[in-house]
Number of protein chains: 2
Amino acid sequence: MSSAVEELDRHIVELLVADGRMSYTDLGKATGLSTSAVHQRVRRLEQRGVIRGYAAVIDPEAVGLSLTAFISVKPFDPSAPDDIADRLADVPEIEACHSVAGDENYILKVRVATPIELEHLLGRIRSLAGVSTRTTVVLSTAYEARPPRI
Amino acid sequence: MSSAVEELDRHIVELLVADGRMSYTDLGKATGLSTSAVHQRVRRLEQRGVIRGYAAVIDPEAVGLSLTAFISVKPFDPSAPDDIADRLADVPEIEACHSVAGDENYILKVRVATPIELEHLLGRIRSLAGVSTRTTVVLSTAYEARPPRI
DNA sequence: CATGAAAAAGGACGGGA
DNA sequence: TCCCGTCCTTTTTCATG
């Protein structure tokens, strides 16, 4: 299998990660291709799942989510079947859920408005998923969601 | 000052987070506004910094970044001035850098292709920033960058 | 992959509640 | 102030070579 994304496609992806609304015309100019050629490639990248979609990048503070935290969780009963991710799937405050190697089983990234909300959220997570939690509060974010070097 | 984002704006932001390329026409239909009214609001949201920009969401594996890890770092010399974030700013593998409360000072999220690359990256981080590291490797990601409930 | 034409969307201006 | 309609321009989309 060659999941290889060739040079030109990488360039296109890189440009679209930096500006998801760049027009195909401009993409063409930047890559030296015609508009329709770029369009074709983008559609194939979307179909192949390389490009999953497009999203507006928002300032969490501006929408009232000024508290970010990482929560590491570990099941109370280590022998129970692991359906933690499923149990937490409908908690909207959880932005990311990673299964990890190490002391704990999962790392969650959450965003809430206030410390009290964080307290409530922790309670909900504990009871929903049957886990103990270890919380690391984010003080400031130098950068996040930085475009990967492709 | 009211950083308040009112109801209608929240709806628009929510829609654009879910689909950053949605047309103003469709946004208008979804919100009951005219195309130009939506357009005006979006531009104001962009100017106010609520919407920071737009990005293509890509599958990291598809571009050869199949190993994700969280690295907690702590300075060797706790009395040294904290310029860790600056020192690490030009390391492209670091996708996010959060200053945190807790045992360690920063949490980094990194993406690389292979375990060997992770090893090299850890060495670079240690020497660049003068820190010790604790690394948590991601085994699988149930979800990440999930749209926040606004 | 390029060209060219039809359809759609973007962007700017003036008017009205 | 906020929203709407209309203009013209640009972009998208699709057919064809």
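Order of the sequence lines sets the chain letters (A, B, ...), proteins ahead of strands, with each chain counted from 1. Keep in mind that the numbers below use all heavy atoms, side chains included, and drop hydrogens, waters and symmetry copies. Please read these numbers as outputs of a predicted model, since none were measured by experiment.
- Atom CG of A/L27 and atom P of D/dT13 are 12 Å apart (whole Å).
- Below 30°, between 30° and 60°, or above 60°: for A/H98 and B/F70 the angle between ring planes is above 60°, a perpendicular geometry.
- Ion pairing between a basic and an acidic side chain is recognised when a charged N comes within 4.0 Å of a carboxylate O; B/E14 and B/R149 show no such pairing.
- The pair B/E119-B/R124 does not count as a salt bridge, with every side-chain nitrogen at least 4.0 angstrom from each carboxylate oxygen.
- A 4.5 Å side-chain heavy-atom check between B/L108 and B/V73 finds at least one atom pair inside the cut-off.
- In this structure, the CG atom of A/D9 is 14 Å from the C1' atom of C/dC1, given to the nearest Å.
- Regarding contacts with the backbone of D/dT13, a side-chain N or O of A/H39 is found under 4.0 angstrom from either OP1 or OP2.
- A/K29 has its NZ atom 14 Å from the C1' atom of D/dT12, to the nearest Å.
- In this structure, the nucleotide among D/dC14, D/dT13, C/dA9 sitting nearest to the side chain of B/T25 is C/dA9.
- Using a 4.0 Å cutoff on non-hydrogen atoms, no part of residues 14-22 of chain B comes near DNA chain C.
- Taking the charged nitrogens against the carboxylate oxygens, A/R52 and A/E46 have no contact shorter than 4.0 Å, which rules out a salt bridge.
- Geometrically, A/R134 does not engage A/Y106 in a cation-pi contact defined by less than 6.0 Å to the ring centre and at most 45° from the axis.
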Between A/K109 and A/E144, does a salt bridge (charged side-chain N to carboxylate O under 4.0 Å, His left out) hold up when you go through it step by step?
CA-CA 12 Å; A/K109 182 181 179 186; A/E144 92 187 301; 2.7 Å; yes

Please write out the pairs of protein N or O atoms and N or O atoms of nucleotides 2-8 of chain D separated by less than 3.5 Å, giving the distance to one decimal.
unit_1: D/dC2; atom_1: OP2; unit_2: B/R44; atom_2: NH1; d: 3.0
unit_1: D/dC3; atom_1: OP1; unit_2: B/R41; atom_2: NE; d: 3.4
unit_1: D/dC3; atom_1: OP1; unit_2: B/R41; atom_2: NH2; d: 2.5
unit_1: D/dC3; atom_1: OP2; unit_2: B/R41; atom_2: NE; d: 3.1
unit_1: D/dC3; atom_1: OP2; unit_2: B/R41; atom_2: NH2; d: 3.3
unit_1: D/dC4; atom_1: OP2; unit_2: B/S34; atom_2: N; d: 2.8
unit_1: D/dC4; atom_1: OP2; unit_2: B/S34; atom_2: OG; d: 3.1
unit_1: D/dG5; atom_1: N7; unit_2: B/S36; atom_2: OG; d: 3.4
unit_1: D/dG5; atom_1: O6; unit_2: B/S36; atom_2: OG; d: 3.1

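- Look at A/E95 and A/R111 and you find a salt bridge, because one of the NZ, NE, NH1 or NH2 atoms lies within 4.0 Å of a carboxylate O, short of that distance.
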